[in-house]
Amino acid sequence: MTATTGQQWLLDLGNTRCKCARLDAAGGRGEVLAMPHRDGIDVDLLRATVGPAAMGDIAWLASVA
């Protein structure tokens with residue numbers, strides 16, 4: 001894993017939900033949060049859940065089609 005000064009997030013964009021979890025400094029996964037997205041992702045809810053992005057933050061996105 002690359003060392004960074006910012007936060008790292010795992011995002012899994014599924015058919016019905018977007019699941020996300022923060023990685024800690026050792027690369028361990030934190031609490032998994034799930035948000036439904038019937039008509040697209042609620043960006044305001046996502047921002048309220050993960051907070052604002054900052055320089056150095058990383059998001060790892062997975063979506064299986």
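Hydrogens, waters and symmetry mates are skipped; everything else that's a heavy atom, side chains included, is used. Counting begins at 1 with the first residue of the sequence.
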Which is it for E31 and L33 under the side chain to side chain contact (heavy atoms under 4.5 Å, CB included) test, yes or no, and what are the steps along the way? CA-CA 6 Å; E31 178 184 2; L33 309 166; 3.8 Å; yes
Any heavy-atom pair between the side chains of L10 and R29 that's under 4.5 Å? yes
Answer yes if W9 and L13 sit in the same cluster of Ile, Leu, Val, Met, Phe, Trp and Tyr residues linked by side chain heavy atoms under 4.5 Å apart, and no otherwise. yes
Could you see if L11 belongs to whatever hydrophobic cluster contains V32? Use Ile, Leu, Val, Met, Phe, Trp, Tyr and a side-chain cutoff under 4.5 Å. no
Between SG on residue C20 and CG on residue L61, distance to nearest 0.5 Å: 11.0 Å
Pairs where residues 8-17 contributes a residue and the test salt bridge (charged side-chain N to carboxylate O under 4.0 Å, His left out) is met, not counting sequence neighbours: D12-K19
I need the minimum non-hydrogen distance between G30 and A21, along with the two atoms involved. O-CB, 3.8 Å
